[in-house]
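Only one structure is covered here, and it is reproduced in the block below.
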Number of protein chains: 2
Amino acid sequence: MIAKTIGRPSPPPLHNRLPVLRAERGLSRQDLATAISVNYQTIGYLERGEYHPSLDLALRLAEYFNLPIEAIFSRTPFSPLSEKVYGGPA
Amino acid sequence: MIAKTIGRPSPPPLHNRLPVLRAERGLSRQDLATAISVNYQTIGYLERGEYHPSLDLALRLAEYFNLPIEAIFSRTPFSPLSEKVYGGPA
DNA sequence: ACTTATTGTTGTATTTCTACAACAATAAGT
DNA sequence: ACTTATTGTTGTAGAAATACAACAATAAGT
């Protein structure tokens with residue numbers, strides 16, 4: 001028999017730019033975690049795409065980085081920022 | 001004794017423009033719910049600020065309305081769109 | 001007055017999110 | 001070789017998000 005799914009269905013994984021944004025600013029996960037008041041392991045889960053952040057957390061990250069949420073999280077893969085700025089190969 | 005809080009703390013309530021956006025488009029909660037594949041009662045909970053959407057749900061709403069998430073949900077109260085467009089009283 | 005659509009309320013079930021702890025694995029610096 | 005910082009892994013616990021159902025309260029239309 002087919003079990004009817006109750007509760008929250010598993011949403012597709014989410015792409016994120018957290019590692020890039022951290023690297024640009026020289027932040028460890030612990031640094032970022034402290035800045036937005038979460039456990040440092042939560043940052044790890046987010047970077048690996050193991051779960052989606054709450055909207056509250058996403059808004060805090062966006063505020064911290066001074067970016068729109070869509071620049072940090074996306075349902076579709078990100079293209080590298082470096083390419084966006086300098087263009088692709090000639 | 002002071003019980004140490006484990007799990008997710010209750011984030012502050014979130015302001016939203018869902019009723020306005022629905023009204024502008026003449027959509028019932030059921031209509032919107034169907035469009036983004038959630039239960040119609042979930043829209044009710046969101047409109048009343050009784051809970052925060054997942055980022056996944058917020059992204060689907062933003063995509064549906066063709067707006068940035070920040071135009072739909074905010075930690076600070078929204079000013080009326082009508083005022084934004086036409087300005088305040090003279 | 002009747003019907004219908006919309007919204008609110010209450011309750012139960014399940015999954016996800018987040019905290020926290022302990023430890024392994026790397027990498028960097030001394 | 002030793003220490004330290006950073007990241008990954010595994011496990012437990014508790015709160016929040018969502019589905020679903022049933023019913024009450026309005027409002028609108030006929």
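Every chain is numbered from 1 and lettered A, B, ... according to where its sequence line falls, protein lines coming before strand lines. The model shown is predicted, which means the values in this text are computed figures rather than measured ones. As a basis for the values below, the full set of heavy atoms in this structure was taken, side chains included, without hydrogen atoms, waters or symmetry mates.
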From D/dT18, D/dT9, D/dA22, nucleotide with atom closest to A/Q41 side chain: D/dT9

A/R25 CZ to D/dT6 P, straight-line distance once rounded to whole Å: 18 Å

Closest to side chain of A/I6, choosing from C/dT14, C/dT16, C/dA22: C/dT14

Separation of C/dT18 C1' from A/E50 CD (nearest whole Å): 13 Å

Spacing between A/Q30 atom CD and C/dA19 atom C1', to the nearest angstrom: 13 Å

Atom-to-atom span, CG of A/L57 to P of D/dA16 - whole angstrom: 15 Å

Any A/T42 side-chain N or O less than 4.0 Å from OP1/OP2 of C/dC17: no

pair A/F65-A/I36: side-chain heavy atoms closer than 4.5 Å: no

Selected nucleotide, minimal atom distance to B/R22 side chain, candidates C/dT7, D/dT18, C/dT18: C/dT7

Nearest-0.5 Å distance, CD of residue B/Q41 to CD1 of residue B/I43: 11.0 Å

Spacing of B/N66 atom CG and B/L61 atom CG [to the nearest 0.5 Å]: 13.0 Å

Gap between atom CD1 of B/I69 and atom CG of B/N16 - 0.5 Å precision: 13.0 Å

Closest nucleotide among D/dG14, C/dA22, C/dA19 to the B/R8 side chain: D/dG14

Separation of atom CG in A/N39 from atom P in C/dA21, rounded to whole Å: 9 Å

Nearest-nucleotide comparison on DNA chain C, the residue closer to the 5′ end among B/S54 and B/Y45: B/Y45

Spacing of A/L27 atom CG relative to D/dT7 atom C1', expressed in whole Å: 15 Å

Between P of C/dT6 and CG of B/D31, the distance in whole Å: 7 Å

Dot-bracket line, read 5' to 3' along DNA chain D, where crossing pairs take [ ] and | marks a partner on another strand, Watson-Crick or G-U under 3.5 Å: ||||||||||||||||||||||||||||||

Nucleotide nearest B/R48 when distance is taken to its side chain, options D/dT18, C/dA19, C/dT9: C/dT9

4.5 Å side-chain heavy-atom contact, B/V20 and B/P80: no

From C/dC23, D/dT18, C/dA19, nucleotide with atom closest to A/Y40 side chain: C/dC23

Verify same cluster id: B/L27, B/Y40 (apolar side-chain graph, 4.5 Å): no

Nearest to side-chain heavy atoms of A/P53, which nucleotide of C/dT18, D/dA19, C/dC23: C/dT18

Nucleotide D/dA17, atom P - distance to CD of B/E47 in whole Å: 16 Å

Test side chain to side chain donor-acceptor pair (under 3.5 Å) applied to A/E70 and A/S74, step by step: CA-CA 6 Å; A/E70 286 87 348; A/S74 171; over 6 Å; no

